[in-house]
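The structure appears below as structure tokens.
Every heavy atom of this structure was used, including side-chain atoms; hydrogens, water molecules and symmetry mates were not.
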Protein chains: 2
Amino acid sequence: MTAKPGRPPRAAKDIKRMRDKIAEQAMQIFQQDGFDALSIRRLAREVGCSPMTIYAHFDGKPEILRHLWGAVLGQVFAKIAEQLQGVEAPELRLRLAAQCFVAHWLEHPDQFRMVFMSSGVVRSDVASFMSGAATIGHFQTFMDLVAQTSVPKGEVKIRTEALIMGMIGVALSCNTIRDYPWGDPAEITDIMVAGVLRA
Amino acid sequence: MTAKPGRPPRAAKDIKRMRDKIAEQAMQIFQQDGFDALSIRRLAREVGCSPMTIYAHFDGKPEILRHLWGAVLGQVFAKIAEQLQGVEAPELRLRLAAQCFVAHWLEHPDQFRMVFMSSGVVRSDVASFMSGAATIGHFQTFMDLVAQTSVPKGEVKIRTEALIMGMIGVALSCNTIRDYPWGDPAEITDIMVAGVLRA
DNA sequence: CACTATTTTGTAACGCGTTACAATTATTCC
DNA sequence: GGAATAATTGTAACGCGTTACAAAATAGTG
């Protein structure tokens, strides 16, 4: 045997196990005590390691949050899929999905804040914080829904984007500009959907 | 004279002078070195007082930022007013205003971040951070523009809100979800305007 | 001037995310 | 077992926003 002496590097499965444990504990803290309770020191305590070790497994807090985003978005789109059960009309499906998407963020402002507004965590340039195939894959759900409507094929992508951006804007505005007497978010969402379908 | 002995409280004009000075220096730091450079300690140094004194004049950093928001939004809407000079057609006016609004935030991501994403500064519940009559007054600009179009009177408020929210969503998405191949923001804005006008 | 009341400041601290670096621990090979 | 190497941890620190509290400074009256 000519293997290198000394302690071996972490095995891939050990790395994954630890990362999953960290992400899992992060999610628990978040769900039990909210976003503000999710500090690195708190997380390290729950995991049973030192804060240093967190940084050995994740580049920093934003990367941890990215894992949580995946889980949260998974929930959102699972809920949407459930809402669409047995619904056939393409435009109704799109409308229900949009309503469901916006409603979720309004019902879970802490999640919204975590997913869409976490750039404040790092005092650096606004980072891309919704990267990942999984995230973009979820956006694909809306593009599929729009594609099934009467929207011309060449317009599907850009109209879907307008809708997604619009919905995010609804959630952001209602969650953050609280002293403005906004109208009903569901109605506003409908206006956006109607606009995307007919414009 | 039966005046109370001891040092008198600050006079209203002294309070205002100091607050203005703090806000002014904050804006200078922000414009020269960006949002991240705007720390309380830096600000106190520039003003020439201790960090404690900042807190004697402002409740905290968010309140200082609110002063800056007013100035930034004033710029945005002044630019919009300039763009609309000599433009008569109501729908074109709306479209240009919307384009100008979105373009501004895309050209000034640091400003966007300051105005729309500063909740991370305070580790508390998502605060209402665009309060103030001045802010809402600026939103009124869009409502007036929509009112001049063919949108039915009873629909003006809610459609304006859909547009405002949509535009904010465009800026947020383009500024933060950078690895997604978004289409042209100007085109997306046009879709939103068209949707609001015709839906 | 002394006295008084308010303002400002200094000092220290908290927890935050993060980094540097050395010591300790753990795991392998020989 | 010793040696080697990687992982983990302890200690300290940085600047951040913020707070507590006492000391120092200031601005007024008599």
Point to revise | Nearest-nucleotide pick for B:P5, side chain only, options being C:dG17, D:dT29, D:dT18 | key: D:dT29

Check your understanding: Is it true that A:E91 and A:R95 have a side-chain N and a carboxylate O under 4.0 angstrom from each other?
Key -> no

Study note, to complete from the structure: Quick note, A:K61 side chain, CB onward, closest among C:dC16, D:dT8, D:dT18 is C:dC16

Review point. Can you tell me if A:Q148 and A:D144 form a side-chain donor-acceptor pair at under 3.5 Å?
Key: no

Review point. In whole angstroms, how far is the P atom of D:dG17 from the CG atom of B:L38?
Key: 8 Å

Review point. To the nearest Å, how far apart are A:D59 CG and C:dT18 C1'?
Key: 12 Å

Review point. Atom OH of B:Y55 to atom P of D:dT19: distance rounded to whole Å?
Key: 7 Å

Study note, to complete from the structure: Between B:L68 and B:A23 the two heavy atoms that sit nearest each other are CD2-O, 3.6 Å

Exercise for review: Would you please indicate if the ring centroids of B:F112 and B:H104 are separated by under 6.0 Å?
Suggested key: no

Review point. Whole-Å distance between D:dT9 C1' and A:H57 NE2?
Key: 13 Å

Check your understanding: Are A:R10 and A:H57 close enough that a side-chain donor and a side-chain acceptor fall under 3.5 Å?
Key -> yes

Review point. Same cluster for B:M52 and B:I40 if Ile/Leu/Val/Met/Phe/Trp/Tyr side chains link at under 4.5 Å?
Key: no

Point to revise | Heavy-atom closest contact (A:P51 atom, A:A44 atom, distance) | key: N-CB, 3.6 Å

Check your understanding: Parallel, tilted or perpendicular: which describes the rings of B:F142 and B:F101, with under 30° parallel and over 60° perpendicular?
Key -> perpendicular

Check your understanding: If we ignore angles and hydrogens, is there a donor and acceptor under 3.5 Å between the side chains of B:D190 and B:Q99?
Key -> yes

Review point. Is there side-chain contact between A:M192 and A:V170, with at least one heavy-atom pair below 4.5 Å?
Key: yes

Exercise for review: State plainly whether the residues A:R19 and A:E63 are in salt-bridge range, i.e. N to O under 4.0 Å.
Suggested key: yes

Check your understanding: Hey, can you pull the residues of residues 39-54 of chain B with a non-hydrogen atom under 4.0 angstrom from DNA chain C?
Key -> B:R41, B:C49, B:S50, B:M52, B:T53

**Study point:** Whole angstrom value for the distance that separates P of D:dT8 from CZ of A:F58
**Key:** 13 Å

Check your understanding: Tell me, which of residues 6-23 of chain B have any heavy atom that sits under 4.0 Å from an atom in DNA chain D?
Key -> B:G6, B:R7, B:P8

Review point. Which of residues 25-34 of chain A have a heavy atom under 4.0 Å from DNA chain C?
Key: none

